[in-house]
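Just so it is clear, the model here is predicted, and its values are computed rather than measured. Order of appearance sets the numbers: ligands from 1, and atoms from 1 within every ligand.
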Amino acid sequence: MNKVRVLSVPGDGIGPEVTVQAVAVLRHVCERAGVSLEIDEAPFGGASIDLFGVPVTEETLEKAKAADAVLLGAVGGPKWDHLPSEQRAEKGLLNLRAALEVYANLRPAKLFPALESACPLKPERARGMDFVVVRELIGGIYFGQPRGVVQVEGATHGVTKGFNTASYTDDEVRRIGKAAFEVARTRKKKLMSVDKANVLEVSALWRKVMTELGASYPDVQLSHMYVDNAAMQLILNPRQFDVIVTSNLFGDILSDEAGALTGSIGMLPSASLGDRHALYEPVHGSAPDIAGLGKANPLAAILSVAMLVHHTLKRPEWAQKIEAAVDRVLASGLRTADIASADAGGAQRIVTTSQMGAAVLEQLSS
Ligand SMILES: NC(=O)c1ccc[n+]([C@@H]2O[C@H](COP(=O)([O-])OP(=O)(O)OC[C@H]3O[C@@H](n4cnc5c(N)ncnc54)[C@H](O)[C@@H]3O)[C@@H](O)[C@H]2O)c1
């Protein structure tokens, strides 16, 4: 891609602080890679509520749909917490994801060598850990119908039942499967499909479709694992994984477990991809406790730009350069407060959000 249109929605709290650093990296890479970047910005979340009374306007949704990629900071904060859930800042995020029809959520879990001490596992278990969870994002039990809470008929005294439906069509499994196989092709070509096919019919169909799809990707080694075992293997031997593909519910849980292994929420990027649209955002929230203090770690937002460069610009070599620059900055001892280690002593230097962003840019230029 030689021309890209990006909509930036920085949002609230530390969202704007980290997004400005991420956009600087994007501008730099586009300039160096010969890509013409058209970037627009729109109020989002609480910032949009303050201006327009809603967390996302129709105009912003249209701009997002017209862009090649949306870069999001974070939304929400105590100022808007009293609002009913339909009007809250976080609702803007759900509306945006739905409007963009992004069904594949990619959450890398990479342990940077310099942050080994921040990982809760023993270094020899986690060293070199580098995998991606591909989670189905707009189907499964979170959306399945019927759902509800009802009175159980015929019960002698009032018995109430809550229920949800876990369902996937073969088409839904196929499209997330294809997305995951494609990701695996750009990595070590190992795909682990995680399900509960020994108990759930919906998982049995999932496994059947994944297996059939595997025939079209003979270059990718496909394996299957039950979700309970996967949760255990992530702790026992996370290095065995390259790409994990799984349903909405299982992916929600496993991607957070995987994220915890990387040391800090300030290091976690994400991409949500659909057939026509793409949304890139750090996993963390608006962190009201540190907003405005220059303490936010911008690396999750910067690594989200690396994902944009990889998946939307299709320039994996430049995505790697961004990751390598982050690696070198960390190796040089620079740390935002969230990733500083109490026992590192003089080997590390605590820096602000903008100093960390500037250090990544400097490494990219060298
Ligand atoms: N995608 C999103 O926009 C998103 C995600 C989660 C929460 N939220 C919203 O954010 C607000 C705060 O939620 P929360 O406190 O539960 O989660 P949070 O992720 O904002 O913060 C959790 C903790 O991690 C720290 N932290 C988060 N990001 C950091 C960074 N980049 N650098 C350094 N430290 C960082 C915070 O200081 C805080 O101590 C709420 O309104 C919530 O609804 C938004």
- Hey, is ligand 1 close enough to H284 that some N/O pair sits below 3.5 Å? yes
- Message: With no hydrogens and no angle check, just 3.5 Å: does a side-chain donor-acceptor pair link D12 and W80?
- Response: no
- Query: Would R97 and E281 satisfy salt bridge (charged side-chain N to carboxylate O under 4.0 Å, His left out), going step by step from the backbone distance to the final call?
  - Reply: CA-CA 11 Å; R97 286 179 183 152; E281 55 179 315; 3.3 Å; yes
- A114 and A331: which non-hydrogen atoms are nearest, and at how many Å? CB-N, 4.0 Å
- Query: When you check the gap from the basic side-chain N to the acidic O, do K189 and D242 get nearer than 4.0 Å?
  - Reply: no
- Item | Top protein contact for atom 7 (C) of ligand 1, by heavy-atom distance | G285 CA, 3.6 Å
- Message: Please confirm whether A300 approaches ligand 1 to less than 4.0 Å, judged on its heavy atoms.
- Response: no
- Query: Any nitrogen or oxygen of G73, main chain or side chain, under 3.5 Å from a nitrogen or oxygen of ligand 1?
  - Reply: no
- Message: Which residue is it: I14, D338, N297? I am looking for the one with a side chain to side chain contact (heavy atoms under 4.5 Å, CB included) to H284.
- Response: I14
- Task: Output yes when a protein non-hydrogen atom is found under 4.0 Å of atom 1 (N) of ligand 1, and no otherwise.
- Result: yes
- Task: Identify whether NZ of Lys or CZ of Arg in K178 sits under 6.0 Å from the centre of the six-membered ring of F181 and within 45° of that ring's axis.
- Result: no
- Item | Reference residue L137; test side chain to side chain contact (heavy atoms under 4.5 Å, CB included); the match among N105, L273, L279, L106 | N105
- Query: Is the shortest N/O to N/O distance between G77 and ligand 1 below 3.5 Å?
  - Reply: yes
- Query: Which atoms of ligand 1 have any heavy atom of A296 under 4.0 Å away?
  - Reply: 32 (N)
- Do any non-hydrogen protein atoms sit less than 4.0 Å from atom 23 (C) of ligand 1? no
- Under 3.5 Å, side chain of R135 to main-chain N/O of F250, donor-acceptor pair present? no
- Query: With atoms numbered from 1 as shown, which atoms in ligand 1 lie under 4.0 angstrom from a non-hydrogen atom of A74?
  - Reply: 3 (O)
- Message: Against the six-membered ring of Y103, is R175 placed for a cation-pi contact (under 6.0 Å from the centre, within 45° of the normal)?
- Response: yes
- Atoms in ligand 1 flagged as close to G76, the criterion being non-hydrogen separation under 4.0 Å: 41 (O)
- Message: Would R97 count as a polar contact of ligand 1, with the cut-off being nitrogen or oxygen pairs under 3.5 Å?
- Response: no
- Task: Pick whichever of I339, V283, I14, V18 has a heavy atom sitting closest to atom 29 (C) of ligand 1.
- Result: I14
- Message: Looking only at protein heavy atoms, which one is nearest to atom 11 (C) of ligand 1, and what is the separation?
- Response: S286 OG, 3.3 Å
- Modelled atom types, side-chain donor and acceptor of H277 and S272, under 3.5 Å: no
- Query: Of the protein's non-hydrogen atoms, which lies at the shortest distance from atom 12 (C) of ligand 1, and what is that distance?
  - Reply: P288 CD, 3.5 Å
- Query: Got the closest protein heavy atom to atom 26 (N) of ligand 1, with its distance?
  - Reply: I265 CG2, 3.9 Å
- Kindly indicate whether atom 15 (O) of ligand 1 is approached by any protein heavy atom to under 4.0 angstrom. no
- atom 9 (C) of ligand 1: the protein heavy-atom neighbour that sits closest, reported with distance to 0.1 Å: V75 O, 3.1 Å
- Note on the structure: Closest to atom 41 (O) of ligand 1 among protein heavy atoms sits E90 OE2, 3.0 Å
- What's the shortest distance from atom 20 (O) of ligand 1 to any protein heavy atom, and which residue and atom give it? A287 N, 2.8 Å
- Take S193 and W206 through the test side-chain hydrogen bond (donor to acceptor under 3.5 Å, both in side chains) and record every step on the way to the result. CA-CA 9 Å; S193 173; W206 177 282; 2.9 Å; yes
- Hey, looking at atom 38 (C) of ligand 1, which of L93, D289, I290 has the closest heavy atom? D289
- Query: Which heavy atom of V9 sits nearest a heavy atom of V70, and at what distance?
  - Reply: CG2-CG1, 3.7 Å
- Note on the structure: When distances are taken from atom 31 (N) of ligand 1, the protein heavy atom at minimum range is N297 O, 3.0 Å
